[in-house]
Amino acid sequence: MPRYELALILKAMQRPETAAVLKRTIEALMERGAIVRNLENLGERSLPYKISKHKERHKRGGYFLIDLEAPPSIVSSMMDHLGRDIDVIRRVFVKHPVAKAEECNGIIPVSPEEKLSAKKN
Amino acid sequence: MAARAVVARRLWQRLVPAALWARPRRLQHEGPPEGQPERSDQPIQMDNPYKDPPKRCVLCGINVDYKNVQLLSQFVSPYTGSIYGRHITGLCNKKQKEITKAIKRAHVFVKHVGSWSFDLAVGF
């Protein structure tokens with residue numbers, strides 16, 4: 001199954017409420033057949049700009065990162081589900097950036113003949 | 001008489017296989033006989049051993065992530081928040097593209113890419 005990363009920004013709330021939101025989010029994920037690998041808290045900080053969401057203007061938010069493995073059909077249904085949750089300010093599903101072994105060989109110089117042969121990418 | 005002889009020889013050549021017209025094996029110039037080791041004075045084919053290793057850009061080998069805001073801020077103007085072009089960053093094709101995509105993704109995920117001073121413009 002492909003790996004996704006769900007980046008969430010939650011409303012700045014007290015600990016028990018944040019825990020409740022995270023719990024129901026992860027339960028919803030597991031209901032749709034996702035395997036949650038890891039949950040990271042990137043801290044609560046002030047947002048770089050004010051976000052208006054669900055009839056509220058937010059200046060602070062808690063950043064969370066959920067590492068999961070899920071079938072691709074989960075994306076649209078989860079985005080819908082999280083869109084209806086008033087405590088979630090922003091949700092972003094990203095393919096997990098698996099740190100692959102960088103085989104960067106450096107800048108290989110292009111010979112002038114290759115540049116002249118008008119190759120279209 | 002000579003012309004007729006030439007013509008006759010040409011016809012004869014066509015009838016006989018070409019291999020018989022070749023110089024016999026023992027008179028052809030061969031390499032050293034198989035018993036002796038190869039001691040030719042021709043140069044050995046190899047790549048230039050004095051060639052410099054390929055030039056690497058600053059991020060060659062470094063994993064670029066949209067969460068790594070400090071790394072991304074280095075490629076963004078502290079005044080306008082605009083992403084620097086390739087002629088300024090000096091990155092290779094691949095890495096410049098990766099950085100641009102990561103910065104735009106970080107903006108979506110509400111990550112502040114840029115210096116944290118409040119009086120400077122945020123850039124988006």
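Naming convention: chains lettered A, B, ... in sequence-line order (proteins, then strands); numbering from 1 in each chain.
- Rounded to the nearest 0.5 Å, atoms CG (Leu65(A)) and NZ (Lys67(B)) are 5.0 Å apart.
- Glu5(A) contributes atom CD, which lies 8.5 Å from atom CZ of Phe109(B) (distance to the nearest 0.5 angstrom).
- Sparse packing is recorded around CD1 of Ile86(A), with 12 or fewer heavy atoms of other residues, nucleotides or ligands lying under 6.0 Å away.
- Side-chain atoms of Arg105(B) do not come within 3.5 Å of backbone N or O of Val94(A) as any donor-acceptor pair.
- With a threshold of 4.5 angstrom between heavy atoms, Leu8(A) approaches chain B through N, CA, C or O but not through any side-chain atom.
- Tracing side-chain contacts under 4.5 Å through hydrophobic residues (I, L, V, M, F, W, Y), one never reaches Tyr84(B) starting from Val113(B); they form parts of separate clusters.
- With respect to chain A, the highest number of heavy-atom pairs below 4.5 Å among Val108(B), Asn93(B), Asp65(B) belongs to Val108(B).
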